[in-house]
Amino acid sequence: MPLPRATIDELLRLDRAHVIHPITELRRHEEAGAQVFVGGQGIELERADGWRVIDGFSGLFNINVGHGRTEIADAVQKQMRRLAYYPSFWDFGNEPATRLAERLVGLLPADRGLTHVLFHSGGSEANEANFKFAR
């Protein structure tokens, strides 16, 4: 369902005033504003004006299982009520990371001797770590 025109106009005004959009034609953005998305279900996104479009970017590579997955939201909510996040820096550990590492190692080829996992928040960070390991 589309948002009221006044709400869309406010979002566009705030977006122009405060959000930097990487890889954007600035002149076009200044003239037309952003496409504001307000929801999603499966592979579809819903724009503020009510139009539904296919999410061809998969949320820019991080929504590979689709939008609106209640079973994932429920699992995240359950975990966040217990422990939202804690890094594995120094000698700190946490149960979700430990159990996931075990599961991932179990998926790796046994003959390679790959027994440890290093978690990162994105591809660039992971690549940087791999360059350091290679050196």
Crowding at CG, L83 (>12 non-hydrogen neighbours, <6.0 Å):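 Counting other residues, nucleotides and ligands, CG of L83 exceeds 12 neighbours.
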Is the count of non-hydrogen atoms from other residues, nucleotides or ligands lying under 6.0 Å from I54 atom CD1 greater than 12?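 Result for CD1/I54: open.
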Which hydrophobic side chains are connected to I63, either touching it within the sub-4.5 Å cutoff or through other members that do?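 Direct or chained contacts put I63 with none.
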Linking Ile, Leu, Val, Met, Phe, Trp and Tyr by side-chain heavy atoms under 4.5 Å, what else ends up with M80?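 Same cluster as M80: V65, I72, V76.
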With sequence neighbours excluded, residues passing ring-ring contact (aromatic ring centres under 6.0 Å, His included) with F119: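 Testing F119 for ring-ring contact (aromatic ring centres under 6.0 Å, His included), a comparison that skips the adjacent residues, returns none.
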So, using ring-ring contact (aromatic ring centres under 6.0 Å, His included) as the criterion, who are the partners of F92 when residues are at least two apart?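 Partners of F92 under the ring-ring contact (aromatic ring centres under 6.0 Å, His included) test: Y86, W90.
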Output all residues satisfying side chain to side chain contact (heavy atoms under 4.5 Å, CB included) with [X], sequence neighbours left out; order by chain, then residue number.
| X | answer |
| --- | --- |
| L114 | L108, R112 |
| Y85 | P87 |
| A129 | L118, H120 |

Pairs meeting criterion side-chain hydrogen bond (donor to acceptor under 3.5 Å, both in side chains) with involvement of residues 92-105, two or more places apart: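 Non-adjacent pairs meeting side-chain hydrogen bond (donor to acceptor under 3.5 Å, both in side chains): R82-E95, E95-R99.
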For residues 24-54, which residue pairs qualify under ring pair (Phe, Tyr, Trp, His ring centres under 6.0 Å), counting only residues two or more places apart or in two chains?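 Counting only pairs at least two positions apart or across chains, the ring pair (Phe, Tyr, Trp, His ring centres under 6.0 Å) contacts touching residues 24-54 are H21-H29.
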Among all residues two or more places apart in sequence or in another chain, which pass the salt bridge (charged side-chain N to carboxylate O under 4.0 Å, His left out) test with R13?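 Per chain and number, R13 pairs via salt bridge (charged side-chain N to carboxylate O under 4.0 Å, His left out) with no residue.
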Checking E71 now: which residues fulfil salt bridge (charged side-chain N to carboxylate O under 4.0 Å, His left out) with it, not counting sequence neighbours?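 R69.
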Is there a donor-acceptor pair under 3.5 Å between the side chain of D15 and the backbone N or O of L11?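 Checked: no pair found.
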Has the side chain of R16 got a donor or acceptor atom that lies under 3.5 Å from a matching backbone atom of E31?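 The answer is yes, because a donor-acceptor pair under 3.5 Å joins these two groups.
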Any chance you could measure Q35, atom CD, to L12, atom CG, to the nearest 0.5 Å?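 Q35 CD to L12 CG: 10.5 Å, rounded to 0.5 Å.
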From NE2 (H67) to CD (Q41), nearest 0.5 Å: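 So the gap between those two atoms works out to 9.5 Å.
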How about V117 and L104: do any of their side-chain heavy atoms sit closer than 4.5 Å?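 Sidechains of L104 and V117: in contact.
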For residues 1-10, which side-chain donor-acceptor pairs fall under 3.5 Å, sequence neighbours excluded?
{"residue": "R5", "atom": "NE", "partner": "D9", "partner atom": "OD1", "Å": "3.0"}
{"residue": "R5", "atom": "NH2", "partner": "D9", "partner atom": "OD1", "Å": "2.8"}

